[in-house]
Amino acid sequence: MHDVPLWLWMVFVVTVLVSLAIDLLAHRQAHVIGFREAAAWSCVWVGLAVTFGVAVFLVVGTDAGVEYTTAWLLEKSLSVDNLFVFALIFGYFRVPRAYQHRVLFLGVLGALIFRGIFLAAGVAVVSRFTAVLFAFAAILFYSTYKILKGEEGSFDPGKSIAVRLLRKIIPVTDHYVGAKFFVKEAGKRVATPLLAVVAAIEAADLVFAVDSVPAVLAVSSDAFIVYTSNAFAILGLRALYFMLAGLLDRFHYLSKGLALILAFIGVKLILQASHETISTAVPEIPSLISLAVIVTVLAVSVALSVLRPPPAHAEAAASTGIGEAARGEPAASGAAPPESGRPADPPGTADPPGTADPPGTAGPPEAR
């Protein structure tokens, strides 16, 4: 455990609260977030995370700084899976682009709360029962197997437990009413599909926490390190989604890279648990090596994706000069009747680019 001064905890809390307030005020008017705006916000969030990391290096020490950087980068890379599921959920519910930021903002709030609970529980369990790390490693290996074998399983937002539970508690309309979550119809208070979307987003994050929590605990068991790194990774998730929407399918090697990272972290967990429960002669993997492995795997995955585009994009690029996903051409609204339990397209709106199932990602992972 690192000796973290109370004032640094306070700086972290204030930074997160102020950042959320500024982000909310900057997007208080529903509007479509374009690539440039999303890229600018992504730079802000990354800059904020890096600045805080420098503070950790200077105040807490080099070891803590390396652990924070490794954990943040790990969570940032694993969050890419979330982006695919966001695209699937928005496409399924036909969420107008202007309302997507509000949904993700609430999703981030929920993620910060739930991750805090899970991470606190994880740190407490690991500190008392180190052998649980073997179970965490098994979870990561299973996730690796599913990704590499293409057996991640399909994620159906309409059948999500959270969405089904919501429909049992309160009726849900089949049309949007601006950015409202509740409206009155025939004197009764009913929910709009936007509330169902929030429920689906929160449910998806709970599933992703199954991998994220064990993975970050392999880097550090210090509550300050694991929570601050997670928080800053989550804060930048919305901007990253809007920046990459429509381009997610181009990074087709990234899922394989994430699988390798999960497998590596699983090995790190086994060595760590063996070192503490079996024999101190068992070597551990230093955080600096973990950081180098994560950076290398991500860089190679992205480079391969760019150098070897998927067949669909290669053909599109050869015939048109640009990829289909990069054009971001919206599908015509109302092209097909809504499925049962699925909201109808709002009048005059079109499905947002990148919110339909990207080619080759018909089965986004229900759990990594």
Side-chain angles (χ1 to χ4, degrees), residues 2 4-24 26-27 38-83 86 101 104-120 122-123 201-202 205 208-209 211-244 258 261 265 287 290-291 294-295 298 368:
H2 299 291
V4 181
L6 179 60
W7 67 263
L8 190 57
W9 268 108
M10 296 303 297
V11 168
F12 163 70
V13 173
V14 171
T15 300
V16 171
L17 292 178
V18 171
S19 299
L20 290 173
I22 292 175
D23 190 27
L24 183 61
H27 300 92
W41 276 103
S42 288
C43 290
V44 169
W45 296 124
V46 170
L48 198 60
V50 171
T51 301
F52 189 81
V54 172
V56 174
F57 267 102
L58 296 177
V59 177
V60 188
T62 302
D63 290 342
V66 171
E67 289 178 4
Y68 165 85
T69 304
T70 304
W72 173 74
L73 187 59
L74 174 62
E75 289 301 313
K76 197 73 173 175
S77 60
L78 293 180
S79 68
V80 173
D81 271 358
N82 297 53
L83 305 185
F86 290 166
H101 181 275
L104 290 181
F105 182 87
L106 294 176
V108 163
L109 288 180
L112 289 172
I113 295 172
F114 289 127
R115 290 291 177 91
I117 295 173
F118 290 158
L119 289 170
V123 169
I201 292 287
E202 297 292 1
D205 184 72
F208 286 124
D211 286 346
S212 292
V213 172
V216 75
L217 289 176
V219 176
S220 175
S221 59
D222 184 274
F224 177 80
I225 297 297
V226 297
Y227 190 65
T228 54
S229 60
N230 258 260
F232 281 112
I234 292 171
L235 283 174
L237 199 56
R238 290 153 303 170
L240 187 63
Y241 170 77
F242 290 115
M243 188 174 71
L244 298 181
L258 295 180
I261 290 175
I265 296 299
S287 295
S290 300
L291 178 60
I294 293 172
V295 171
L298 286 177
R368 281 192 296 265

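None of the values given here were measured: they were computed from a predicted structure.
- Between L237 and L104 the shortest side-chain heavy-atom distance does not fall below 4.5 Å.
- With values rounded to the nearest 0.5 angstrom, E202 atom CD is found 8.5 Å from L109 atom CG.
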>> Determine whether F224 and V56 satisfy the following criterion, side-chain contact (heavy atoms from CB on, under 4.5 Å), listing intermediate values before the conclusion.
In response: CA-CA 10 Å; F224 177 80; V56 174; 4.0 Å; yes
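- Taking OG of S77 as the start and CG of L298 as the end, the distance is 5.0 Å to the nearest 0.5 Å.
- A distance of 11.0 Å separates CD1 in I265 from CG in L217, rounded to the nearest 0.5 Å.
- Among all heavy-atom pairs drawn from N230 and R115, the shortest one is OD1-NH1, 3.0 Å.
- Without hydrogens or angle criteria, Y227 side chain to L112 main chain gives a donor-acceptor distance under 3.5 Å.
- A distance of 14.5 Å separates CD1 in I294 from NZ in K76, rounded to the nearest 0.5 Å.
- Y68 contributes atom OH, which lies 14.5 Å from atom OG of S287 (distance to the nearest 0.5 angstrom).
- Below 30°, between 30° and 60°, or above 60°: for F232 and F12 the angle between ring planes is above 60°, a perpendicular geometry.
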>> I'd like to know whether F57 forms a side-chain contact (heavy atoms from CB on, under 4.5 Å) with V66, so could you lay out the CA-CA distance, the side-chain angles of the two residues, the decisive distance to 0.1 Å, and finally the verdict.
In response: CA-CA 8 Å; F57 267 102; V66 171; 4.1 Å; yes
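- F242 and H101 get closest at one heavy-atom pair: CZ-N, 3.5 Å.
- Residue C43 holds its SG atom at 7.5 Å from CE of M243, rounded to the nearest 0.5 Å.
- Distance alone, capped at 3.5 Å, places no donor-acceptor pair between the D23 side chain and the S19 backbone.
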